[in-house]
Amino acid sequence: THLNTGTAASGEVLSWNGSDYDWITSGGAFSVIGTNNLAAIATLPNLTTGTGNFVSGVGSGNNLTTGSNNVALGNGAMDAATTGGRNIAIGQDAMGLGVATPATGDNIAIGYQSGYSLATGLNNVAIGNQALYSQSNPLSSDIGEVAIGYQALFSSGPESAMNTAVGYGAGRSVTGARVTAVGYKAAYSAASGAASGNEGLTAIGAQCASALTSSSETVVVGYGALGF
């Protein structure tokens, strides 16, 4: 009863659109949707004027409307995204709740729930499961954050910008700007920013500066130095 018996154009195939079968342009294992949008195991059901998107996975890019030139690979990748452009999300739920404004663009998230709550910002990079997981800057756009490693910059928060964290849990709870944390749990729970005086902190070494709360423009080097 659902079979669409309308006339198909050359090169079109029947595909399920969520409520009925419809004729779409054949893309081999993929479906071409709208203008140059390519989807596999995804339907881009809310797309309006967005172009050049490539999505694959259950629910990936599910709410994209005007967003363009995004890549979302993995179940739930960029699931809540509506706008924004030139974002790359690879992995289950990567950028799953993020990309909420047209100003959110040029971000890369690779790994399970990486960049999960990235709502605004530009040029952020998250590589590793839950890296940059709950990044949220209510004062201005997050810019230039780099998180590499499991839960690196996991709960980067208010005034967070231009931080770099490399290593398991590095900079996990950093809240300020221009912090560099390299090593296993380096600057793990260091509070940062104007309120606590840790802006510009550099921490190199496993578990160093992991509990530092007030030391502006400080350099900490060595295993466990000023740590737990």
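Here the structure is a predicted model, which is why all the values come from computation and not from measurement. Quick note: residue numbers are just sequence positions, from 1.
Contact between G167 and A152 at its shortest, heavy atoms only, is O-CB, 3.8 Å. Between A77 and A89, the shortest heavy-atom contact is CB-O, 4.0 Å. Scanning all heavy atoms of the two residues, the minimum distance from G171 to A181 falls at N-CB, 3.9 Å. Among all heavy-atom pairs drawn from G115 and A126, the shortest one is N-CB, 4.0 Å. Residue G183 comes nearest to A170 through the heavy atom pair O-CB, 3.6 Å, listed as atom of the first residue, atom of the second, then distance. Summarising the geometry of A147 relative to A131, their closest heavy-atom pair is O-CB, 3.9 Å, with the distance given to 0.1 Å.
Here the straight-line distance linking atom CG of D106 with atom CG of L122 works out to 6.5 Å at 0.5 Å rounding. In this structure, the separation between CD1 on I90 and CG on L73 is 5.0 Å, given to the nearest 0.5 Å. With rounding to the nearest 0.5 Å, the separation of OH in Y188 from SG in C208 is 14.5 Å. Taken from OG in S114 to OH in Y133, the straight-line distance is 11.5 Å, to the nearest 0.5 Å. Atom CG of D79 and atom CG of N63 lie 6.0 Å apart (nearest 0.5 Å).
Put simply, the side chain of N75 never gets that close to the backbone of G57: no donor and acceptor are under 3.5 Å apart. When atom types are taken as modelled, the side chain of N163 and the backbone of R178 share a donor-acceptor pair closer than 3.5 angstrom. Although no hydrogens or angles enter the test, the distance criterion places a donor-acceptor pair under 3.5 Å between the side chain of N124 and the main chain of E145. Not one N or O on the side chain of S189 forms a donor-acceptor pair closer than 3.5 Å with the backbone of R172. Side chain of N62 to backbone of S60: no donor-acceptor contact under 3.5 angstrom is found. Panel note: side chain S68, backbone T51; a donor-acceptor pair is recorded below 3.5 Å. In this structure, the side chain of E217 does not engage the main chain of G200 through any donor-acceptor pair within 3.5 Å.
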Give the C-alpha distance, both sets of side-chain angles, the deciding distance and a yes or no for side-chain contact (heavy atoms from CB on, under 4.5 Å) between N46 and L44. CA-CA 6 Å; N46 295 298; L44 295 173; over 6 Å; no
Does the side-chain contact (heavy atoms from CB on, under 4.5 Å) test come out yes or no for T82 and L64, once each step is laid out? CA-CA 4 Å; T82 55; L64 276 174; over 6 Å; no
Are Y168 and K185 close enough, and set up right, to give a side-chain contact (heavy atoms from CB on, under 4.5 Å), and what steps lead you there? CA-CA 6 Å; Y168 179 108; K185 291 188 176 181; 3.9 Å; yes
Criterion side-chain contact (heavy atoms from CB on, under 4.5 Å) on M78 and N87, from CA distance to verdict: CA-CA 9 Å; M78 288 184 65; N87 297 291; 4.3 Å; yes
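Under the rule for a side chain to side chain contact (heavy atoms under 4.5 Å, CB included), the partners of N129 that lie at least two apart in sequence or sit in another chain are Y112, Y150. Shown here are the side chain to side chain donor-acceptor pair (under 3.5 Å) partners of N69, two or more places apart in sequence or in another chain: there are none. Here T48 pairs with T65, T66 under the side chain to side chain contact (heavy atoms under 4.5 Å, CB included) rule; sequence neighbours left out. Legend: residues meeting side chain to side chain donor-acceptor pair (under 3.5 Å) with N53, ordered by chain and number and at least two apart, are N37, N70. Listed by chain and number, the residues in a side chain to side chain donor-acceptor pair (under 3.5 Å) with Q130 are Q113, Q151 (sequence neighbours excluded).
Exactly one residue among V166, V174, T164, V146 makes a side chain to side chain contact (heavy atoms under 4.5 Å, CB included) with L153. That residue is V174.
Y223 belongs to no hydrophobic cluster with other residues, because no ILVMFWY side-chain heavy atom falls under 4.5 Å from its own, directly or through intermediates.
In this structure the side chain of Y116 never reaches within 4.5 angstrom of the side chain of M95, judged on heavy atoms.
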